[in-house]
Amino acid sequence: QVQLVESGGGLVQAGGSLRLSCATSERYAMGWFRQAPGKERQFVAAINWSGGTTRYEASVQGRFAISRDNAKNTAYLQMTGLKSDDTAVYYCAAKTGRLARVAVHISEYDYWGQGTQVTVSS
C-alpha cells in the first residue's frame, strides 16, 4: 500500500514561512492541495515526475515553491509571505506513472497524504 507521509505544518504569524514535506516510497508526480473549514479542497501546486515542470494556483504564485528530491522520494512545499487566507489543512497527493505530467485536478491523483494543519495568525 502506498503511503504518503507529510510533515512540517504548524502555527506561524502572517508574513512568516513554513516548509511542508511529503515522503513517498517511490517517485511520483506530486501535488499539494489545501482545504479550509467549510470550503472545498483546492489545488495549490504541482510538480511532474522528473521535477522539470511546476504549476501554481494564482494566489500562491510567487510566494510558494514546490520542489522535489528524487533521491529521497520527497516533495516539498516552501511557503513564504504567509497570509491568514492560507490557513487550511494541506494535503500532498501522488500521481502514478513513470514520466507523469504535472496535474492540477483532484481526480488526476491516485494517493493522498493524511493532511497537515497550517495556521497563519494575523
Side-chain angles (χ1 to χ4, degrees):
Q1 185 175 356
V2 176
Q3 285 190 318
L4 280 63
V5 180
E6 299 182 38
S7 61
L11 173 64
V12 63
Q13 290 187 334
S17 301
L18 280 175
R19 188 178 80 157
L20 306 182
S21 300
C22 179
T24 63
S25 55
E26 300 179 24
R27 191 196 298 193
Y28 302 100
M30 301 295 295
W32 288 95
F33 291 76
R34 65 187 179 187
Q35 187 166 18
K39 295 187 178 181
E40 295 185 351
R41 192 170 299 189
Q42 68 167 163
F43 169 74
V44 176
I47 190 166
N48 68 339
W49 184 86
S50 67
T53 302
T54 58
R55 191 78 56 84
Y56 297 93
E57 193 270 329
S59 70
V60 308
Q61 181 80 47
R63 299 188 298 123
F64 291 11
I66 188 170
S67 61
R68 64 185 307 144
D69 184 334
N70 291 333
K72 296 181 179 179
N73 290 330
T74 299
Y76 304 96
L77 184 68
Q78 179 69 50
M79 304 184 293
T80 61
L82 283 161
K83 307 174 182 179
S84 57
D85 286 349
D86 296 318
T87 294
V89 177
Y90 283 70
Y91 297 90
C92 68
K95 174 182 170 68
T96 58
R98 183 176 172 81
L99 300 180
R101 296 182 177 183
V102 67
V104 303
H105 301 293
I106 290 174
S107 60
E108 296 181 270
Y109 288 91
D110 301 292
Y111 304 106
W112 291 83
Q114 78 281 7
T116 185
Q117 178 70 46
V118 172
T119 302
V120 183
S121 63
S122 57

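None of the values given here were measured: they were computed from a predicted structure.
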Within this structure, what is the [atom1]-[atom2] distance for the pair [X] and [Y], rounded to the nearest 0.5 Å?
X   : Y    : atom1 : atom2 : value
L18 : Y90  : CG    : OH    : 9.0 Å
M30 : Y109 : CE    : OH    : 8.0 Å
Y91 : Q35  : OH    : CD    : 5.5 Å

What pairs with [X] under side chain to side chain donor-acceptor pair (under 3.5 Å), at least two apart in sequence or on another chain?
X   : result
D86 : R34, R63
N70 : R68
T80 : none

Residues sharing V5's hydrophobic cluster, by side-chain heavy-atom contacts under 4.5 Å among ILVMFWY, directly or via others? none

Write out all pairs satisfying salt bridge (Lys or Arg N to Asp or Glu O under 4.0 Å) with one or both partners inside residues 100-122, taking only residues at least two apart or from two chains. none

Suppose the criterion is salt bridge (Lys or Arg N to Asp or Glu O under 4.0 Å): which pairs have a residue in residues 40-56, not counting sequence neighbours? none

Applying a strict under-4.5 Å side-chain criterion to I, L, V, M, F, W and Y, I'd like to know whether [X] and [Y] cluster together.
X    : Y    : value
Y111 : I47  : yes
V12  : V60  : yes
W112 : V104 : yes
V44  : L82  : yes

Hey, could you give me each pair passing ring-ring contact (aromatic ring centres under 6.0 Å, His included) that has a residue in residues 38-71? Not counting sequence neighbours. F33-F43

Not counting sequence neighbours, which residues clear side chain to side chain contact (heavy atoms under 4.5 Å, CB included) with [X]? List them please.
X    : result
T53  : N48, V102
A36  : K39, A88
T119 : L11, T87, Q117

Among pairs that include at least one residue of residues 3-119, which meet disulfide bond (SG atoms under 2.5 Å apart), considering only residues two or more places apart or in two chains? C22-C92

How would you list all residue pairs meeting side-chain hydrogen bond (donor to acceptor under 3.5 Å, both in side chains) that involve residues 16-33, not counting sequence neighbours? none

May I ask you to decide if L20's main-chain N or O and E6's side chain share a donor-acceptor pair within less than 3.5 Å? no

Locate the shortest heavy-atom distance separating A14 from S122; write the atom from each residue and the value. CB-CA, 4.2 Å

